[in-house]
**Student:** 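The structure that follows is given in the form of C-alpha cells.
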Amino acid sequence: MKKVMVITGGSRGIGAACVRLAAKRGYAVCFSYVSSGQAAEALAAEVEAAGGTARAVKSDVAKESDILELFAAADEMGTVCGLVNNAGVVDKSDRVENYSAERLERMYGVNVIGSILCAREAIRRMSTKHGGQGGAIVNLSSAAAYLGSPNMYVDYAGAKAAIDTFTKGLSLEVAGEGIRVNAVRPGLIDTEIHASGGEPDRLERLSHTVPMGRAGSADEIANAVLWLMSDEASYITGDSLNVTGGR
Ligand code: NAP
C-alpha cells in the first residue's frame, strides 16, 4: 500500500509547495482545493508527469461532508500516514469593532474547525488504537498567533493561536498512539494570501520589518513542514516551529 499524505488547500501557495515536495519524497498526495480547480488539476498533472502520484479533490474544509469525501479519496490511494492542515483564510484588514458574525464564522470555520475535523479523520486512520500504523500531522499556524495582528486581523491571530493550543493538546492525546503533531508558524511569506486580504502590496510594505530583510518563500515553509513529517523529526511532537526570518 502506498503511503498517502493529505494536504488541505494544495492548489496554490504553501499548500502547492507542500504537494510538490511530498510527492518528491515519495508520498502519494491527496490534496484539496475549493475555487482554483484549474491550478489544482495542473499541479496533479505536473506531479504525475514527474513520476509521482497526486490527486486533486474539490473539498471545502468548512464543510464536514467535503472533508469526509477528501479522506475517502485518500483511502482509495493507499494508507493515510500524514496530514498537512494548510487551508487557511484571512479577511480584509479591519478593527474588531467592525467585525461581522459572518466574518468570524468563516475565519474560525475554515482555520480552526476545519483543521480539527481533518485531524479527527487522520487520527481515526493513523492511530494504533484504531488499528492504524501511526503517522504525523503538521498544522499551519502563523506568527500572527504571538504578534496578535492589531488593526489587521486579530480574529485570524486568535484562530492561529487556537491552532497552536490544539497542536499541543492533540499531540499529548495521541503521543502514545504512534502519531506526532506539530505546527509551523510562517512569518511573511510570498503567496497570494495577502492580495486575498485586500493588500497586494503587503510584502513590499513590510519586508524591511523582517530581521532577515526579506519575505520567505512557500518552498521554505514546505521544507519545514516536510521535515516535521519525516523520521528526522521522530522525537518532536507538540511543538510550533517559527519559520519567520527572525520575527
Ligand atoms: P493562499 O496562497 O491564499 O492559498 C490558500 C489555499 O487554501 C488555496 O489552495 C485555497 O484553495 C485553499 N483554501 C482556502 N479556503 C479553503 C477552504 N475553505 N477549504 C479548502 N481549501 C481552502 O495561502 P498561503 O499563503 O499559501 O497560506 C497557507 C497557510 O499558511 C494558511 O493556513 C495561512 O494562514 C498560513 N500562513 C500564511 C502566511 C503567509 O504570509 N502567506 C503567513 C502565516 C501563515 P482555492 O484557491 O482552490 O480556493
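Both ligands and their constituent atoms are indexed starting at 1 by order of listing.
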**Student:** Need the ligand 1 atom indices (1-based, order shown) with element for anything under 4.0 Å from a heavy-atom of V110.
**Tutor:**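 Contacts of ligand 1 toward V110, numbered from 1: 18 (N).
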**Student:** A cation-pi test, strictly: NZ or CZ of R25 under 6.0 Å from the centre of the six-membered ring of Y27 and no more than 45 degrees from its axis. Yes or no?
**Tutor:** no
**Student:** Write out the residue and atom name of the closest protein heavy atom to atom 46 (O) of ligand 1, then the distance separating them to 0.1 Å.
**Tutor:** S36 OG, 2.6 Å
**Student:** Among all protein heavy atoms in this structure, tell me which lies nearest to atom 6 (C) of ligand 1, with the distance rounded to 0.1 Å.
**Tutor:** G9 O, 3.7 Å
**Student:** Looking at N85 and S115, would you say the former's side chain and the latter's main chain have a donor-acceptor pair under 3.5 Å?
**Tutor:**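 Present.
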**Student:** For atom 9 (O) of ligand 1, what is the closest protein heavy atom, and at what distance to 0.1 Å?
**Tutor:**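 Nearest neighbour among protein heavy atoms for atom 9 (O) of ligand 1, to 0.1 Å: S11 OG, 2.7 Å.
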**Student:** Evaluate Y156 for polar contact with ligand 1, using N/O atom pairs at a separation under 3.5 Å.
**Tutor:** yes
**Student:** Got the closest protein heavy atom to atom 30 (O) of ligand 1, with its distance?
**Tutor:** I14 CD1, 3.6 Å
**Student:** Is the backbone N or O of N151 less than 3.5 Å from a side-chain atom of R95, with the two atoms forming a donor-acceptor pair by type?
**Tutor:** no
**Student:** Considering heavy atoms of the protein only, find what lies nearest to atom 48 (O) of ligand 1 and give residue, atom and distance to 0.1 Å.
**Tutor:** S35 OG, 2.8 Å
**Student:** Among N223, V138, V84, find the one that has a side-chain contact (heavy atoms from CB on, under 4.5 Å) with L228.
**Tutor:** V138
**Student:** Please tell me if the side chains of R247 and T209 come closer than 4.5 Å, counting only heavy atoms from C-beta onward.
**Tutor:**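 With C-beta onward as the side chain, the pair touches.
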**Student:** Among all protein non-hydrogen atoms, which one is nearest to atom 17 (C) of ligand 1, and what is the separation to 0.1 Å?
**Tutor:**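 So the nearest neighbour among protein heavy atoms is V34 CG2, 3.4 Å.
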**Student:** Find all atoms of ligand 1 within a distance of less than 4.0 Å from any non-hydrogen atom belonging to E192, and give their numbers and elements.
**Tutor:** 2 (O)
**Student:** State plainly whether the residues R214 and E220 are in salt-bridge range, i.e. N to O under 4.0 Å.
**Tutor:** yes
**Student:** Determine whether a donor-acceptor pair (N or O, by modelled atom type, separation under 3.5 Å) exists between the side chain of N242 and the backbone of R185.
**Tutor:**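 Such a contact is absent between N242 side chain and R185 backbone.
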**Student:** So, regarding L188 and ligand 1 (criterion: nitrogen or oxygen to nitrogen or oxygen, under 3.5 Å), is there a contact or not?
**Tutor:**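 No; every N/O pair is 3.5 Å or more apart.
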**Student:** Under 4.0 Å from any heavy atom of D60, which atoms of ligand 1 are there?
**Tutor:** 17 (C), 18 (N), 19 (N)
**Student:** Any idea which atoms of ligand 1 are less than 4.0 Å away from a heavy-atom of G13?
**Tutor:**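 Near G13, meaning under 4.0 Å from one of its heavy atoms, ligand 1 has 2 (O), 26 (O).
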**Student:** Heavy atoms only: which of S141, G15, A39 lies closest to atom 44 (C) of ligand 1?
**Tutor:**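 Looking at heavy atoms only, the winner is S141.
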**Student:** List ligand 1 atoms under 4.0 Å from Y33, heavy atoms only on the residue side.
**Tutor:** 47 (O)
**Student:** For atom 28 (C) of ligand 1, which of N111, N86, I221, T244 has the closest heavy atom?
**Tutor:** N86
**Student:** Before accepting this row, confirm whether a basic side-chain N of the pair E199/K92 lies closer than 4.0 Å to the acidic partner's carboxylate O.
**Tutor:**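 So E199 does not pair with K92 through a salt bridge.
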**Student:** Hey, which atoms in ligand 1 end up nearer than 4.0 Å to a heavy atom of H194?
**Tutor:** 39 (C), 40 (O), 41 (N)
**Student:** Touching ligand 1 at all, S59? Heavy atoms, strictly under 4.0 Å?
**Tutor:** yes
**Student:** Is the shortest side-chain N to carboxylate O distance from E46 to R20 below 4.0 Å?
**Tutor:** yes
**Student:** State the atoms of ligand 1, each with its element, that fall below the 4.0 Å cut-off from a heavy-atom position in T191.
**Tutor:** 2 (O), 24 (P), 25 (O), 26 (O), 41 (N)
**Student:** Tell me whether ligand 1 is touched by T8 - counting only heavy atoms on the residue side and a distance under 4.0 Å.
**Tutor:**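 Per 4.0 Å heavy-atom rule, T8 does not contact ligand 1.
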**Student:** Below a 4.0 angstrom heavy-atom separation, can you tell me which part of R185, side chain or backbone, both or neither, approaches ligand 1?
**Tutor:** neither
**Student:** Indicate the atoms forming the closest heavy-atom contact of A87 with N111, along with that distance.
**Tutor:**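 Closest heavy-atom pair between A87 and N111: O-OD1, 4.2 Å.
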**Student:** Any idea which of A62, S142, G187, G10 brings a heavy atom closest to atom 42 (C) of ligand 1?
**Tutor:** G187
**Student:** Given 3.5 Å as the limit, does a donor-acceptor pair link the side chain of T244 with the main chain of P186, or not?
**Tutor:** no
**Student:** Less than 4.0 Å between a side-chain N and a carboxylate O, is that true for E102 and R106?
**Tutor:**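 No, R106 and E102 are not salt-bridged.
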**Student:** Does the pair E64/R120 count as a salt bridge with the N-to-O cut at 4.0 Å?
**Tutor:**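 Result for this pair is yes, salt bridge flagged.
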**Student:** Considering only non-hydrogen protein atoms, determine which one is nearest to atom 40 (O) of ligand 1 and report residue, atom name and distance to 0.1 Å.
**Tutor:**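 Nearest neighbour among protein heavy atoms for atom 40 (O) of ligand 1, to 0.1 Å: I189 N, 2.9 Å.
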**Student:** Tell me which pairs pass ring pair (Phe, Tyr, Trp, His ring centres under 6.0 Å) where either residue lies in residues 126-159, with sequence neighbours left out.
**Tutor:**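 Residue pairs passing ring pair (Phe, Tyr, Trp, His ring centres under 6.0 Å), neighbours aside: Y153-Y156.
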**Student:** Do the side chain of S100 and the main chain of R103 share a donor and acceptor less than 3.5 angstrom apart?
**Tutor:** yes
**Student:** Could you check atom 19 (N) of ligand 1 against the protein and tell me its nearest heavy-atom contact, residue, atom and distance included?
**Tutor:** V61 N, 2.9 Å
**Student:** Out of A218, A87, G88, whose heavy atom is nearest to atom 22 (C) of ligand 1?
**Tutor:**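 Residue with the shortest heavy-atom distance to the ligand atom: A87.
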**Student:** Can you check whether V89 has an N/O within less than 3.5 Å of an N/O in ligand 1?
**Tutor:**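 Between V89 and ligand 1 (N or O atoms, distance only) the closest approach is not under 3.5 Å.
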